[in-house]
Amino acid sequence: MRIRATVAAVSGALALSSLAIPAAQADHGGDVNEKPSAAERFGTSPNRSALSTAAAAAAEPVVSNVTVNSGKAVAVGTTYAKTFTVSLTASHASGIEDAYVDLWHGTDVEDDIDGLLVQNEEVASCTASSATTSTCKVTITATPGSDLYKNALAGTWHVTAGALAGDGSIYWNDFHTTHKVQRYSKLTVNASPEPVTKGKTITVTGKLSRANWETFKYAGYSTQPVKLQFRSKSSSTYTTLKTIKTNTYGDLKTTVTASTDGYFRYSFAGTTTTPAVNATGDFVDVQ
């Protein structure tokens with residue numbers, strides 16, 4: 001795995017003059033060619049010597065606590081764009097001037113990127129907690145059918161993190177961490193008949209579906225294990241009764257014996273590409 005880490009000793013004026021990302025943050029069109037390098041984002045000095053570069057590398061900013069969407073997977077449906085916040089903490093003896101974050105999908109930042117989510121802001125919002133350390137925040141927007149133009153993009157994405165210090169030195173790592181971008185999921189349940197006589201059969205049906213970014217519709221998620229759960233009317237805790245699998249169309253169907261009043265629901269644990277989801281409990285009156 002190649003890590004591109006860049007350190008540059010540049011003047012504050014030069015660094016701040018190169019903050020804009022051409023078109024990328026304004027046009028979320030999934031154009032993977034618009035991913036900036038450290039030089040394009042922060043600016044670098046073309047005249048620095050190998051000695052000065054080595055000296056700067058020993059004092060590059062330290063970046064930690066990169067948090068995407070409060071640590072939760074980014075789940076995107078079929079209709080609305082999803083905007084989320086990314087924060088990072090950076091420190092350097094000269095202080096922190098700016099930061100950069102993007103998410104990209106692929107195996108190599110130079111030759112194999114098929115998905116890109118860039119930050120909306122030209123400059124990160126950085127709040128100093130001391131003379132040397134700041135927490136910086138940006139927002140990123142993911143749009144189905146545009147940034148997320150194919151279902152194969154669901155799963156694990158790389159996170160690029162960069163920071164610009166007050167003296168112009170730069171931290172930049174295209175493989176700083178990873179984060180999941182997923183196809184939003186839905187799960188339904190229906191228990192019948194209602195009411196039902198104690199000891200009789202209850203049929204519980206439902207459907208597990210997820211967003212299709214190519215058709216802008218929800219489609220059944222096939223052959224997935226889903227738990228049937230129950231909680232009595234007097235309880236707040238669900239208990240798993242059995243696990244079944246969805247059919248080819250994402251449909252669920254099973255039976256249980258009626259014993260007491262309560263709520264039935266289906267529960268899906270999620271996969272790398274699709275988030276966990278619980279159906280809203282369906283109440284059955286047992287007489």
Side-chain angles (χ1 to χ4, degrees), residues 67-85 142 144 148 150-157 178-287:
T67 304
V68 181
N69 195 36
S70 301
K72 299 177 292 185
V74 177
V76 182
T78 60
T79 305
Y80 300 105
K82 169 76 173 180
T83 297
F84 54 95
T85 299
L148 304 176
K150 62 180 180 178
N151 295 323
L153 292 175
T156 302
W157 288 53
T178 59
H179 199 77
K180 288 183 174 61
V181 178
Q182 299 179 317
R183 298 162 62 180
Y184 191 86
S185 57
K186 295 181 179 181
L187 184 56
T188 62
V189 66
N190 181 55
S192 63
E194 303 173 44
V196 64
T197 302
K198 185 174 182 178
K200 295 295 184 178
T201 297
I202 297 173
T203 300
V204 187
T205 58
K207 187 180 185 69
L208 174 64
S209 59
R210 58 178 178 166
N212 186 318
W213 295 331
E214 298 170 20
T215 65
F216 305 104
K217 297 179 180 179
Y218 280 84
Y221 197 6
S222 65
T223 63
Q224 296 302 307
V226 179
K227 295 178 180 178
L228 174 64
Q229 299 181 327
F230 176 80
R231 71 173 177 90
S232 65
K233 183 171 61 175
S234 60
S235 174
S236 60
T237 303
Y238 276 94
T239 300
T240 298
L241 302 179
K242 63 176 75 175
T243 299
I244 63 174
K245 285 191 175 183
T246 58
N247 66 12
T248 304
Y249 306 101
D251 297 325
L252 295 156
K253 184 177 182 180
T254 190
T255 59
V256 294
T257 301
S259 60
T260 186
D261 293 352
Y263 298 83
F264 290 92
R265 76 174 185 185
Y266 282 116
S267 178
F268 175 59
T271 61
T272 300
T273 62
T274 309
V277 61
N278 293 319
T280 300
D282 187 24
F283 181 76
V284 175
D285 179 16
V286 177
Q287 299 178 343

In residues 250-260, what donor-acceptor pairs under 3.5 Å come from side-chain atoms, sequence neighbours left out?
{"residue": "Asp251", "atom": "OD1", "partner": "Lys207", "partner atom": "NZ", "Å": "3.3"}
{"residue": "Thr254", "atom": "OG1", "partner": "Lys242", "partner atom": "NZ", "Å": "3.0"}

For residues 279-287, which side-chain donor-acceptor pairs fall under 3.5 Å, sequence neighbours excluded?
{"residue": "Asp282", "atom": "OD2", "partner": "Ala191", "partner atom": "N", "Å": "2.7"}
{"residue": "Asp285", "atom": "OD2", "partner": "Gln287", "partner atom": "NE2", "Å": "3.4"}

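Legend: residues meeting side-chain contact (heavy atoms from CB on, under 4.5 Å) with Ser192, ordered by chain and number and at least two apart, are Asn190. Under the rule for a side-chain hydrogen bond (donor to acceptor under 3.5 Å, both in side chains), the partners of Gln229 that lie at least two apart in sequence or sit in another chain are Thr240, Arg265. Considering only residues two or more places apart in sequence or on other chains, Thr273 meets the side-chain hydrogen bond (donor to acceptor under 3.5 Å, both in side chains) condition with Arg210, Thr271. Every residue meeting the side-chain contact (heavy atoms from CB on, under 4.5 Å) condition with Ala81, not counting sequence neighbours, appears here in chain and number order: Thr141, Thr143. The side-chain contact (heavy atoms from CB on, under 4.5 Å) check on Thr272 picks up Thr156, Lys180, with sequence neighbours excluded. Asn247 meets the side-chain hydrogen bond (donor to acceptor under 3.5 Å, both in side chains) test with no other residue; sequence neighbours excluded. Listed by chain and residue number, Lys137, Thr139 satisfy the side-chain contact (heavy atoms from CB on, under 4.5 Å) test with Thr85 (two or more places apart in sequence, or in another chain).
Counting all heavy atoms, side chain and backbone alike, Ser185 lies closest to Pro275 at OG-O, 2.9 Å. The heavy-atom pair separating Val196 from Lys200 by the smallest distance is CG2-CB, 3.8 Å. For the residue pair Pro144 and Tyr80, the shortest heavy atom distance occurs at CD-O, 3.6 Å. The two residues Gln182 and Ala73 have their closest heavy-atom pair at OE1-CB, 3.3 Å.
Here the side chain of His179 pairs a donor or acceptor atom with the backbone of Lys72 at under 3.5 angstrom. Looking at Ser235, its side chain does come within 3.5 Å of a backbone N or O of Thr237 through a donor-acceptor pair.
Side-chain contact check for Thr178 versus Trp157: every heavy-atom pair is 4.5 Å or farther apart. Two residues are said to be in side-chain contact when any heavy atoms from C-beta on lie closer than 4.5 Å; Val226 and Thr246 meet this criterion.
For residues 186-228, every residue pair satisfying the ring-ring contact (aromatic ring centres under 6.0 Å, His included) rule, not counting sequence neighbours, is listed here: Tyr221-Phe268. Residue pairs meeting the ring-ring contact (aromatic ring centres under 6.0 Å, His included) criterion with at least one partner in residues 224-256, sequence neighbours excluded, are Phe230-Phe264. For the salt bridge (charged side-chain N to carboxylate O under 4.0 Å, His left out) condition, the pairs that include at least one residue of residues 224-239, sequence neighbours left out, are Lys233-Asp261.
From Leu187, atom CG reaches atom CG of Asn278 across 7.5 Å, with rounding to the nearest 0.5 Å. Annotation: the span from Ile202 atom CD1 to Thr197 atom OG1 amounts to 10.0 Å, rounded to 0.5 Å.
Around the NZ atom of Lys245, the shell of radius 6.0 Å holds no more than 12 heavy atoms that belong to other residues, nucleotides or ligands.
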